Amino acid sequence: MIGPGTSFGVELVRRYGREGFALGVVSRSADTLTRVRDALAAEGLTVAGAVADVTDSAALAGAVERVSAEIGGLTVLVYNAKLSIRGAALTVAAETMNQTLAVNVTGALAAVQVAAGLLDDRAAATILLTTAGPRTEPVAGRFALAVGKAGLAALAEALRPTLAARGIRLRTVVLDGRVGPAGPLRPAQVADHFWQAFAAPRGDVFRLAPVRRDTAVAQLPLEV
Ligand SMILES: NC(=O)c1ccc[n+]([C@@H]2O[C@H](COP(=O)([O-])OP(=O)(O)OC[C@H]3O[C@@H](n4cnc5c(N)ncnc54)[C@H](OP(=O)(O)O)[C@@H]3O)[C@@H](O)[C@H]2O)c1
């Protein structure tokens, strides 16, 4: 998993660990790596790790290759890193756009490029890209992120046929709601969704949205 993040990274890695997978994480900071390892060590799960900035494609490639070798080869790669800097469409700085796209889109491409070589001839070879739906954040205040996630989704569509021809499944996981312990999307539910996105025999886009509560709720009569 590249960029485990704070919202559901530990839960996602744990979910795959419980399925018997050897686990690996690439993160920008050593602190994140330590946090994930400590959380899972208590449960007997060990996590191989490397530190790399996804905007340094050579460093990222080296980190993914090292972790892959340490866990005995790659089967699933999850690209989960994101950068979000607040800003509105008509005032956001070009530099903010460039930084955001470097993490959300170009970093994902670099990850796919190195993963493709490692996934050749691997059974069930899969790449999962984390995207977001329009309900997650108001686009107005997170313009750069909205464009970045749209770019990531477009990248997936454009890359899918090339990877499919090599026997590699490229799937997007769309989280269409905020993730947090109090919901509306809960970390364990998101982790399970990421497992299903790998385990499903077919499908390209795996969307998870909160259950809608706007349907009529049956009312008891006032006098019973
Ligand atoms: N949380 C939500 O409500 C929600 C909803 C929809 C979709 N999502 C998506 O789910 C994913 C995780 O969300 P989150 O809330 O857990 O995000 P987060 O806490 O902000 O985590 C982002 C991750 O990206 C890593 N990262 C950022 N810049 C990097 C760089 N230059 N090089 C390497 N790693 C870098 C961070 O590394 P460090 O740990 O080292 O800082 C962190 O692990 C994201 O793709 C997000 O868009 C989240």
Side-chain angles (χ1 to χ4, degrees), residues 1-15 24-40 47 49-64 66-67 77-86 95-112 114-115 127-139 141-153 155-156 171-194 197 205-210:
M1 182 179 204
I2 299 175
T6 49
S7 303
F8 55 83
V10 166
E11 288 79 3
L12 190 153
V13 175
R14 175 189 290 126
R15 183 70 174 84
V25 161
V26 173
S27 78
R28 173 179 52 178
S29 66
D31 285 355
T32 297
L33 205 49
T34 304
R35 177 174 59 79
V36 173
R37 281 177 162 155
D38 288 353
L40 297 173
V47 181
V51 171
D53 189 314
V54 298
T55 63
D56 180 344
S57 50
L60 178 63
V64 172
R66 284 196 303 281
V67 170
L77 179 118
V78 181
Y79 189 85
N80 195 61
K82 78 115 183 344
L83 177 67
S84 177
I85 304 172
R86 282 199 175 276
E95 181 55 22
T96 299
M97 288 304 296
N98 288 341
Q99 287 173 357
T100 307
L101 297 177
V103 173
N104 293 294
V105 184
T106 316
L109 178 61
V112 170
V114 64
I127 297 171
L128 302 177
L129 305 176
T130 310
T131 71
R135 267 187 280 192
T136 314
E137 291 279 358
V139 170
R142 300 271 191 193
F143 180 77
L145 179 65
V147 174
K149 289 298 188 185
L152 182 59
L155 175 140
R171 296 175 167 183
T172 49
V173 175
V174 186
L175 302 178
D176 201 358
R178 188 174 280 281
V179 184
L185 297 178
R186 292 169 199 277
Q189 175 192 15
V190 171
D192 192 56
H193 186 71
F194 269 90
V205 178
F206 292 77
R207 181 170 166 274
L208 182 65

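Counting convention: from 1, in listed order, for ligands and their atoms alike. The structure presented is a predicted model; accordingly, all values stated were derived computationally and were not measured.
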Side-chain contact test, heavy atoms from C-beta onward, threshold under 4.5 Å: evaluate it for [X] versus [Y] and give yes or no.
| X | Y | answer |
| --- | --- | --- |
| T100 | V147 | no |
| N80 | L12 | no |
| V67 | V25 | no |
| T55 | L83 | no |
| K82 | K149 | yes |
| L155 | V105 | yes |
| D192 | R15 | yes |

Would you kindly specify which portion of T6 sits under 4.0 Å from ligand 1, judged on non-hydrogen atoms: side chain, backbone, both or neither? both
Is ligand 1 under 4.0 Å from a heavy atom in the side chain of A52, in the backbone, in both, or in neither? backbone
Hey, is the main chain of V174 close enough, under 3.5 Å, to the side chain of R207 for a donor-acceptor pair? no
Hey, which of T34, L33, L40 is the one that makes side-chain contact (heavy atoms from CB on, under 4.5 Å) with R37? L33
Run the numbers for me: atoms of ligand 1, each under 4.0 Å from some heavy atom of [X], listed by number.
| X | result |
| --- | --- |
| D53 | 30 (C), 31 (N), 32 (N) |
| G3 | 23 (C), 43 (O) |
| F8 | 10 (O), 11 (C), 12 (C) |
| V103 | 28 (N), 31 (N) |
| N80 | 10 (O), 11 (C), 12 (C), 44 (C), 45 (O) |
| L175 | 6 (C), 7 (C) |
| A132 | 6 (C), 7 (C) |
| G177 | 5 (C), 6 (C) |

Contact (N/O only, under 3.5 Å) between [X] and ligand 1:
| X | value |
| --- | --- |
| L145 | no |
| T55 | no |
| S27 | no |
| L83 | no |

From [options] - option closest to [atom] by heavy atom:
| atom | options | answer |
| --- | --- | --- |
| atom 14 (P) of ligand 1 | S7, P184, P187 | S7 |
| atom 45 (O) of ligand 1 | R178, K149, R28 | K149 |
| atom 25 (C) of ligand 1 | A59, A81, A102, S84 | A81 |
| atom 27 (C) of ligand 1 | R35, M1, K82 | K82 |

Decide whether S29 and D31 meet the rule of one side-chain donor and one side-chain acceptor closer than 3.5 Å. no
With sequence neighbours left out, write down each residue that passes ring pair (Phe, Tyr, Trp, His ring centres under 6.0 Å) with F8, or none if nothing qualifies. F194
